[in-house]
Amino acid sequence: MSAKRKRDGGCRRILAAVESTEAKLERNGTTTFVMSLVFPAICLLFVPFLLYRRPTMELLQTLRVSTGIGSNGVEPSRDRLLGGLLSPEFDESSCLSRFQSALYRKGSHHLPSQHLVEKLRRYEALHKKCGPGTALYNKSIEQLKSNQSTGTMECNYLVWIPHYGIGNRVMSIVSGFLYALLNDKVLLVHVPDDMDDLLCEPFPGTTWAVPKDFPVKDFHKFDRDAPMRYGALLRDKVISNDMRSATNAALPAYVYLHLPWYNSEWDRLFYCGEAQQMVRRIPWLFFRTDEYFAPLLFLVDEYSEELQRLFPEKTTVFHHLVRYLFHPSNTVWGHVMRYYHAYLARADEIVGIQVRIFPLVPIPFETMLNQIMNCALNERILPRPLEFEEKPQSAPPRNGLKVKAVLVTNLNGSYHDRLRDMYYEYPLEARDEVVAVYQPSHEQAQHTDERGHNVKALAEMVLLSFSDVLVTTAKSTFGYVAQGLGGLRPWILLRKPEDGEPACVRAASTEACLHEPPKYDCKTGKRGVDMSAAVPFLRRCEDVADGLKLFD
Ligand SMILES: *[C@@H]1O[C@H](CO)[C@@H](O)[C@H](O)[C@H]1NC(C)=O
Ligand SMILES: *[C@@H]1O[C@H](CO)[C@@H](O)[C@H](O)[C@H]1NC(C)=O
Ligand SMILES: *[C@@H]1O[C@H](CO)[C@@H](O)[C@H](O)[C@H]1NC(C)=O
């Protein structure tokens, strides 16, 4: 249906462009008779092309150039900046994905608030002023080296340390960036070799990468046993969250915030309002986590008004910030574009199916395959193959077959093989549809510390974000990144559904889930509290019973 609308719109636009060209020619006094025959003829030549191809980049660009408007009726300059989310200061060629991604994504209907747009521009100015190599940065580095605090400086930093796979890394960077925005900190990321040339710089005219000559080298030592671990300092009463006793002289120049799942109650006090006020006064903060902790910042009274202005729709936090920060490098974008144009561009609909089997929760192959098919058939995502059909096949409908391209991502190629065979061997209930099944890679196992693996993983997340319909696996951060980038509400394959439970449920929003929230209520001091019951804007996640998710 929508493809048809697009096609008609496309031809109308070409004709409209023809008319305006003709008008110009007329003004020039040139004869228009030949032209008025030639242009509709060109348009007719386009028809088969338009009928069988999803609009490609080139075509969309042609249409935009000829009509001056983008595909959503938004003027192109605004559209490519995602409603002001992206800075216009960037040079396009250094990072093609930044301005081109929007042309391929279908799910994004959310505009950022004006306040968020302004906040991001102010953040970019701060980062440029304080980024590596600047005089203010050098001054702060001296302070870090001396290990003596003189209180906060003009520039104060939050340094990100990678933890686990690329999905988890995206979760923690997005959360850290939101914290930095709220506290006027500058976010620096330690880019390990396995992330080299994976992402573009998100802030114009500066860098977010920790430079090679940074005084701290052993980032892996920032872990459970780090001497400057905030939770341990608190436990040992070296520092206190009580502001009355904290003079600048008593504060360290830096602390390490240990926030992965294997932390302690002391570390988790960081999320409380009192701690936020104290920690902010430490000029250098290092942090490690595998979690999307943004929802917890909404529980801090001090931030609630500002967060409300930044995100009037709370369920768009992840969507806006992930699209703002993550732009695959030209290398990764090359993978994405080659694959898209080779296999997906001509399809009428793209169905992304992301399958992740966690080693600690093994699910037998046949069980998972059945669950995927149950979800796809019950929710009418894919047509039903008629396995025992003996009737002769009728001829394909005259107006052509609708092609559904299924993009499977999994470490093992077997799901792809079985789905492909099924749709090859059996006729389909929907006679006017065919299903093509593709899988870009099957790496067998996750190798987070290998760059080549991360390039493919990121490329697949981006390809999934181009889906019309997305199916993801419960508790997978890989799926969250795809849904966030694409602005998609995925169907989530539930973990081991019981008899009678559905195979999958539709996510309420594009938000990511915080898997293991603290069960401590900072305000009452009570333990074992379910925060999803405590405030209206937090609920349990569809895919993780104990998880927390922002909700409108
Ligand atoms: C900051 O220090 C580096 C050397 O560590 C130096 O190359 C650079 O010029 C300094 N920047 C400024 C603005 O002083
Ligand atoms: C920094 O100072 C603290 C005490 O304030 C000390 O425990 C820590 O070991 C020092 N770190 C370095 C790298 O010197
Ligand atoms: C992929 O899945 C199939 C089916 O369960 C299994 O036989 C095969 O060993 C798996 N391959 C790997 C590398 O895990």
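FYI, the numbering just counts along the sequence from 1. Bear in mind that the values here come from a model prediction, so they are computed numbers and not experimental data. Atoms within a ligand are numbered from 1 in the order they appear, just like the ligands themselves.
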Asker: Is atom 14 (O) of ligand 1 less than 4.0 angstrom from some protein heavy atom?
Answerer: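 Given the 4.0 Å cut-off, atom 14 (O) of ligand 1 counts as touching protein heavy atoms.
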Asker: Hey, is atom 4 (C) of ligand 1 touched by any protein heavy atom at less than 4.0 Å?
Answerer: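 No, there is none.
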Asker: Using atom types as modelled and distance alone, determine if a side-chain donor or acceptor of Glu201 lies under 3.5 Å from a backbone N or O of Trp208.
Answerer: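 Answer holds: yes.
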Asker: Within the distance-only criterion (no hydrogens, no angle test), does the side chain of Glu511 pair as donor or acceptor with the backbone N or O of Phe318 below 3.5 angstrom?
Answerer: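 Checked: pair present.
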Asker: Can you confirm if the NZ or CZ of Arg539 lies within 45° of the ring axis of Phe551 and under 6.0 Å from the centre of its six-membered ring?
Answerer: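 Geometry flag: set, cation within 6.0 Å and 45°.
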Asker: Students should be able to answer this: which protein heavy-atom is nearest to atom 6 (C) of ligand 1, and at what distance?
Answerer: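 For this ligand atom, the closest protein heavy atom is Asn138 ND2, 4.2 Å.
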Asker: Taking Ser172 for the side chain and Asp290 for the main chain, is one N or O donor matched with an acceptor at less than 3.5 Å?
Answerer: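 Checked: no pair found.
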Asker: Which of the atoms in ligand 1, numbered in the order shown and given with their element, are less than 4.0 Å from a heavy-atom of Ala135?
Answerer: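 Answer, ordered by atom number: 13 (C).
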